[in-house]
A.B. asks: 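I have a structure here, written as structure tokens, and I will follow up with some questions on it.
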Amino acid sequence: MRKMPIGIQDFQKLREDGFVYVDKTALVYKLVQNACPYFLSRPRRFGKSLLVTTLEAYFKGRKELFEGLKISEYETEWAEYPVLKFSLAGGSFNKPEGLSHALNGNLNDFEDAYGLPHGDAGDLPGRFKDALGNARKKIGRRVAVLVDEYDNPLLKTFGENPELEKENRDLFKGFFAVLKDCDGDTRFILFTGVTKFSKVSIFSDLNQLQDISMDGEFADICGITQEEMERDFSPEIDGLAQEHGMTRVECLARLKQLYDGYHFSKKSPGIYNPFSLINALKKKDFGKYWFESGTPTFLVKRLKAMSFNPKSLSDGSLYTMGNALKDYRPDNPDILPLLYQSGYLTIKGYDSEFDSFQLGYPNDEVKFGFTESLSSEYLHGETPLDVRSFGRDLKEGNTDGLRDRFVALFARLPYASGMVDDSMLERDFQNVIYLTFLLLGQFVQVEQHSAKGRADCIVETDRSVYIFEFKRDGSADEALVQIASQGYARPYEADSRTLIRIGAVFSSEQKNISEWKVQVPVSQS
């Protein structure tokens with residue numbers, strides 16, 4: 001059993017303790033040679049902190065930690081530079097003075113490490129500037145400044161405490177603006193975070209920062225590519241396949257379907273979510289590890305408040321400009337940049353004519369995890385949609401059970417108060433249908449309605465093919481006639497499985513299923 005780096009964010013510990021490491025040091029070397037001030041955005045648990053500690057070890061001249069890695073072929077000097085690292089991934093940032101306490105603590109550590117005089121804790125910008133200058137004078141080399149998860153203090157107060165959020169923003173403005181006047185004292189600067197808040201001063205006052213978040217050159221600096229996975233985790237892939245009675249090819253296809261699919265530039269390779277992938281290989285199980293490690297409650301509630309159509313998240317209809325993806329403003333009504341930066345959407349295509357990016361779910365882990373969260377909010381349920389029971393009824397041919405489950409779902413919707421208009425009724429009717437069948441895709445093959453001349457939904461099991469047509473305030477007979485007249489069943493006529501046509505009607509007056517008719521060919525009934 002090899003040591004898998006689950007939750008290991010410190011490069012020194014990873015290397016000294018013999019954990020498996022995916023070698024990213026060729027890209028690290030490229031970063032440090034350019035020596036520009038950088039900003040990098042990546043979703044949570046994507047390896048940003050490991051990148052920061054790798055840079056920390058490099059600038060501290062820890063040559064022994066890099067033996068056998070790609071960077072050892074390039075680097076010959078291995079000079080030691082003072083390193084000032086701000087670790088903002090944790091802290092009491094939702095409390096007054098929480099951010100200033102964290103910044104002072106990082107400065108304390110830096111001053112102690114290099115024997116520098118302690119500056120005035122009440123004057124954070126002045127203390128920061130003095131620390132950089134003092135280190136340069138004493139050591140004779142410029143300082144590498146590394147800021148890990150810069151946006152965490154802002155996200156902690158976002159939407160919860162506007163006054164404290166403003167205080168944290170103002171503190172950032174005065175503190176990190178110091179770097180603009182300390183170019184002579186700095187060797188390298190990197191900020192990392194999930195979200196690029198465009199109104200925060202590090203991107204306005206510190207305008208020399210180069211945002212490499214969507215640069216193709218560094219698209220895979222965090223995360224794991226297909227080549228890296230098959231090269232570095234071959235024994236674990238074989239172990240996972242054996243555990244589940246799969247061939248290696250089948251196992252690789254399942255891993256790709258669940259955890260691959262992130263793209264961070266126009267021509268980015270597919271990137272695996274490292275947290276989920278390594279967990280799956282270590283635990284020999286296909287779980288929703290990344291998604292379950294943090295729930296998108298805020299995003300889901302905001303989408304619901306916006307009357308956002310959840311179908312657009314996966315039907316290929318979401319497009320946005322590249323500049324919009326890089327920046328996020330809390331007062332921006334467009335939520336797509338936040339969904340992209342936080343990892344719930346990714347780049348699926350690029351339209352060069354209009355310089356626009358197509359967005360969608362990166363993989364099945366995110367698609368089904370996020371849809372489960374949406375279903376609870378959109379269906380007003382206190383518990384997740386019981387999609388497994390739907391799947392069981394489909395596999396067993398229990399059409400009465402399917403009908404009863406849809407009736408129960410519609411009964412959850414808040415129509416009893418009478419506070420509902422026609423557009424809301426139509427929207428919720430469509431959402432119930434869409435979310436239910438989307439989630440069923442975990443257990444059976446589901447084809448969503450995607451073009452004229454296609455049924456509302458087609459579901460395939462080992463024994464049956466279901467063709468659904470839903471009508472609002474029509475008749476079930478009309479739905480069945482449409483299935484026949486439009487030839488929805490034609491591709492399955494030679495299929496040996498039972499062909500089941502279902503016409504269902506949602507009544508605006510009853511606010512539920514009013515008709516449900518099932519039609520099975522006589523030869524198959």
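All residue numbers in this chain count up from 1 along the given sequence.
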A.B. asks: Listed by chain and number, what are the ring-ring contact (aromatic ring centres under 6.0 Å, His included) partners of Y81, not counting sequence neighbours?
C.D. replies: F59
A.B. asks: Quick one: closest heavy-atom pair of K196 and Y150, and the distance?
C.D. replies: CA-OH, 3.5 Å
A.B. asks: Mind checking salt bridge (Lys or Arg N to Asp or Glu O under 4.0 Å) for D238 and listing every partner two or more places apart, or none if nothing turns up?
C.D. replies: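 R248.
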A.B. asks: K85: which residues meet the side-chain hydrogen bond (donor to acceptor under 3.5 Å, both in side chains) condition with it, sequence neighbours left out?
C.D. replies: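 Applying side-chain hydrogen bond (donor to acceptor under 3.5 Å, both in side chains) to K85 gives E56.
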A.B. asks: Between T225 and P269, which heavy-atom pair has the shortest distance, and what is it?
C.D. replies: CG2-CG, 4.5 Å
A.B. asks: Does any N or O in the side chain of Y38 come within less than 3.5 Å of the main-chain N or O of L31, such that one atom is a donor and the other an acceptor?
C.D. replies: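 Checked: pair present.
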A.B. asks: For the residue pair T195 and D151, what are the closest heavy atoms and their distance?
C.D. replies: N-OD2, 2.7 Å
A.B. asks: Quick check on the 6.0 Å ring-centre criterion: do F86 and F176 meet it?
C.D. replies: yes
A.B. asks: May I have the list of side-chain donor-acceptor pairs in residues 87-102 shorter than 3.5 Å, sequence neighbours left out?
C.D. replies:
{"from": "E97", "atom 1": "OE1", "to": "S100", "atom 2": "OG", "distance (Å)": "3.0"}
{"from": "S100", "atom 1": "OG", "to": "E97", "atom 2": "O", "distance (Å)": "3.0"}

A.B. asks: Sequence neighbours excluded, which residues qualify as side-chain hydrogen bond (donor to acceptor under 3.5 Å, both in side chains) partners of E243?
C.D. replies: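 Result, side-chain hydrogen bond (donor to acceptor under 3.5 Å, both in side chains) vs E243: none returned.
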A.B. asks: Does any N or O in the side chain of K60 come within less than 3.5 Å of the main-chain N or O of P82, such that one atom is a donor and the other an acceptor?
C.D. replies: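 Side chain of K60 to backbone of P82: no pair is present.
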A.B. asks: What do you reckon, is NZ of K129 surrounded by more than 12 foreign heavy atoms closer than 6.0 Å?
C.D. replies: no
A.B. asks: For F39 together with F191, are the ring centres under 6.0 Å from each other?
C.D. replies: no
A.B. asks: Could you tell me which residues satisfy side-chain hydrogen bond (donor to acceptor under 3.5 Å, both in side chains) with S49, sequence neighbours excluded, listed by chain and number?
C.D. replies: Q9, D148
A.B. asks: If you take the centroid of each ring, where Trp contributes its six-membered ring, are F128 and F175 closer together than 6.0 Å?
C.D. replies: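 Ring centroids of F175 and F128 are less than 6.0 Å from each other.
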A.B. asks: Taking side-chain hydrogen bond (donor to acceptor under 3.5 Å, both in side chains) as the definition, give me every residue that meets it alongside R142, ordered by chain and number, with sequence neighbours left out.
C.D. replies: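 Listed in chain order: nothing, the list is empty.
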A.B. asks: Show the nearest heavy-atom pair for residues P153 and F172, with the distance to one decimal.
C.D. replies: CG-CZ, 4.1 Å
A.B. asks: List the atom of A280, the atom of L240, and the distance in Å for their closest heavy-atom pair.
C.D. replies: O-CD1, 3.9 Å
A.B. asks: Can you name the residues that form a side-chain contact (heavy atoms from CB on, under 4.5 Å) with S268, not counting sequence neighbours?
C.D. replies: A219, H263, S265, I271
A.B. asks: Would one find more than 12 heavy atoms of other residues, nucleotides or ligands at under 6.0 Å from atom NZ of K63?
C.D. replies: no
A.B. asks: Count the heavy atoms belonging to other residues, nucleotides or ligands that lie under 6.0 Å from CD of E64, then report whether that count exceeds 12.
C.D. replies: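 Result for CD/E64: enclosed.
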A.B. asks: If the condition is salt bridge (Lys or Arg N to Asp or Glu O under 4.0 Å), which residues does R231 pass it with, not counting sequence neighbours?
C.D. replies: none
A.B. asks: Not counting sequence neighbours, which residues clear ring-ring contact (aromatic ring centres under 6.0 Å, His included) with Y262? List them please.
C.D. replies: F46
A.B. asks: For F286, is the NZ or CZ atom of R254 found under 6.0 angstrom from the centre of its six-membered ring and inside 45 degrees of the ring axis?
C.D. replies: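 Yes, R254 and F286 form such a contact.
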A.B. asks: Which atom pair, heavy atoms only, marks the closest approach of T186 to I189?
C.D. replies: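 Taking every non-hydrogen atom into account, OG1-CD1, 4.1 Å.
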A.B. asks: Looking at residues at least two apart in the chain, or sitting in another chain, which of them share a side-chain contact (heavy atoms from CB on, under 4.5 Å) with Q33?
C.D. replies: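 Y29, Y58, E75.
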A.B. asks: Please name the residue in the list N363, L277, D260 that meets the side chain to side chain contact (heavy atoms under 4.5 Å, CB included) test with L255.
C.D. replies: L277
A.B. asks: May I ask you to establish whether R44 and W290 are in a cation-pi arrangement, using a distance under 6.0 Å from NZ or CZ to the six-membered ring centre and at most 45° from the ring axis?
C.D. replies: yes
A.B. asks: Run the numbers on E80 and R141 for salt bridge (charged side-chain N to carboxylate O under 4.0 Å, His left out), then give the verdict.
C.D. replies: CA-CA 8 Å; E80 182 177 355; R141 293 184 182 271; over 6 Å; no
A.B. asks: According to ring-ring contact (aromatic ring centres under 6.0 Å, His included), who are the partners of Y350, at least two apart in sequence or on a separate chain?
C.D. replies: F357
